[in-house]
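Quantities reported herein were computed from a predicted structural model and do not represent experimental measurements. Note that ligands are numbered from 1 as they come in the structure, with each ligand's atoms numbered from 1 the same way.
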Amino acid sequence: MELPFAESYKMKVVENIRRSTREERSEWIKNAHYNLFNLHSDQVYIDLLTDSGTGAMSDKQWSAMMLGDESYAGASSYYKLKDAIRDITGFEYFLPTHQGRAAENVLFSALVKEGDVVPGNSHFDTTKGHIEFRKATAIDCTIDEAFHTELDHPFKGNVDLNKLETVLKKYPREQVPLIIVTITCNSSGGQPVSLANMKAVRRVADKYHVPVFFDSARFAENAYFIKMREEGYRDKSIREIVREMFSYADGMTMSSKKDAIVNMGGFIGFRHKEDFEKATTFNILFEGFITYGGMSGRDMNALAQGLYDGTEFDYLHTRISQVAYLGKQLREYGIPIQYPYGGHAIFVDAKRFLPNLPKEHFTAQTLAVELYLEGGVRGVEIGAIMADRDPVTRENRFPDLELVRLAIPRRVYTNNHMDYVAATIINVYDRRKEITKGLRILKEAPILRHFTVEMERV
Ligand code: F0G
């Protein structure tokens, strides 16, 4: 008999978690104003709010932390990280930041000004937030296939080159400071971008002389999908693929809390010295001196090791197979989810799950609350709440997709936990016809409202 694939690691430290009763959860979610971000973590049994900063570090990462050099300037930890970034991504210059959005803040302070447009593939919410905060506009150029959850396409994160070229033709060069390609594309369902598409974006960008930056939080998962799905890459190693991916970019922003499996950290990688120098002042202003920029030495050490851990094929295979293990159970039951399964998460199509709920009742948020009530499972809404209001008209924006994302932390949960999550969702699906009323907003912030919004039942 062929031996099955099993996890490429074993456990050395465990953390206890507790199941609660439905009555307790009812009370807790009401007190949290139906905002899952307001729950205390011990009120959650399986926490799939995010895969960001929630991973389990390896013994090698923990031991690297003990060797952290906390010198203000020129720490060995900085040079260790610099070497790892150059080795894995090929970028010669880098600035450390405390997380991904800090990298965006520093980079955009150097590049983006009022009135600019920044094309890309479904910019992540903090990316869009940082663009709009500067009174610039993020233009979504993702392929249309991404917005049909049932449609099978190997690279639903791809940039539509016609849409991109239309933007580049319409606006003068001075108004387009950069193109951002998000790998994998979180907002369209953790979907990968093909190498052929990256190469083609590069070609179009060169034609219009616009730099390309990759929002690289899940670059290694993207490389895994290229290896498994793209013609000609089956025999290449993950690290070879990663090197080729980044060869098409002028730089990258990184939230290290995802594919580098650390609890906090980020960086910006640059190919060109001029870009690095332009951003340096902002890094010193907002983050810290260039050899630590928002990170302690021990954290830079853990990150350097994490870049290697996160680009191991066996680890990536373990991880992405676990996401698919959950996805398969849901799909076989007929639950509408984004297909193919994402790299870091399963995205439940809330509009098709609850077709009778009017969009003004915030379909995905309502479903996320139901999953919590049913089993203490915490996912996150990626729908109208997260889409914020239009910055000009102040009307609610209702995106094409209303999704509940179930993001799986790295190296944290077992497949038994996934079985529990699947059962929770199936139970809610069985009683979906009884869910006819959703939520309304009581209080909200002007931007990135999903973190703090307060709601009540309609
Ligand atoms: N870019 C992408 C694609 C992201 O998914 C995130 C964060 C960021 C940038 C910002 O990074 O959190 O380190 O400041 N995504 C998290 C998530 C929050 O849950 O998907 P950060």
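Proximity of Lys257 to ligand 1, defined as any heavy-atom pair under 4.0 Å, is confined to the side chain (atoms from C-beta onward). For His98, no heavy-atom contact with ligand 1 is shorter than 4.0 Å.
In this structure, the side chains of Phe353 and Thr363 stay at 4.5 Å or more apart for every pair of heavy atoms. Side-chain atoms of Asp419 and Tyr325, non-hydrogen and from C-beta on, do get closer than 4.5 Å to each other.
In terms of protein heavy atoms, atom 12 (O) of ligand 1 is closest to Arg101 NH2, 2.8 Å. Of the protein's non-hydrogen atoms, Lys258 NZ, 2.5 Å is the one closest to atom 7 (C) of ligand 1. The single protein non-hydrogen atom nearest to atom 20 (O) of ligand 1 is Arg405 NH1, 2.7 Å, given as residue, atom name and distance. In terms of protein heavy atoms, atom 1 (N) of ligand 1 is closest to Asp215 OD2, 2.8 Å. Protein heavy atom at the shortest distance from atom 8 (C) of ligand 1 is Phe124 CD2, 3.4 Å. Closest to atom 13 (O) of ligand 1, if we only count protein heavy atoms, is Ser255 OG, 2.7 Å. Among all non-hydrogen protein atoms, the one lying nearest atom 9 (C) of ligand 1 is Glu104 OE2, 3.3 Å. The protein heavy atom nearest to atom 10 (C) of ligand 1 is Thr126 OG1, 3.5 Å.
Under a cutoff of 6.0 Å and an axis angle of 45°, Arg331 and Tyr339 form a cation-pi pair.
Classified by interplanar angle (parallel below 30°, tilted 30° to 60°, perpendicular above 60°), the ring pair Tyr45/His417 is perpendicular. Note on ring orientation: taking the six-membered ring where Trp is involved, the planes of Phe94 and Phe267 are perpendicular (angle over 60°, cut-offs 30° and 60°).
Near Gly100, meaning under 4.0 Å from one of its heavy atoms, ligand 1 places the atoms 11 (O), 13 (O), 14 (O), 21 (P). Ligand 1 places these atoms under 4.0 Å from at least one heavy atom of Thr182: 3 (C).
Rounding to the nearest 0.5 angstrom, the gap separating the OG atom in Ser255 from the CG atom in Asp51 is 8.5 Å.
The shortest N or O to N or O distance between Thr184 and ligand 1 is not below 3.5 Å.
Defined by atom type and a distance below 3.5 Å, a donor-acceptor pair is present between the side-chain atoms of Thr127 and Glu104.
Between Glu312 and Arg239, at least one side-chain nitrogen of the basic residue sits less than 4.0 Å from a carboxylate oxygen of the acidic one, meeting the salt-bridge criterion.
Checking Lys60, Arg410, Arg411, Arg319 one by one against Asp309, the salt bridge (charged side-chain N to carboxylate O under 4.0 Å, His left out) holds for a single residue, Arg411.
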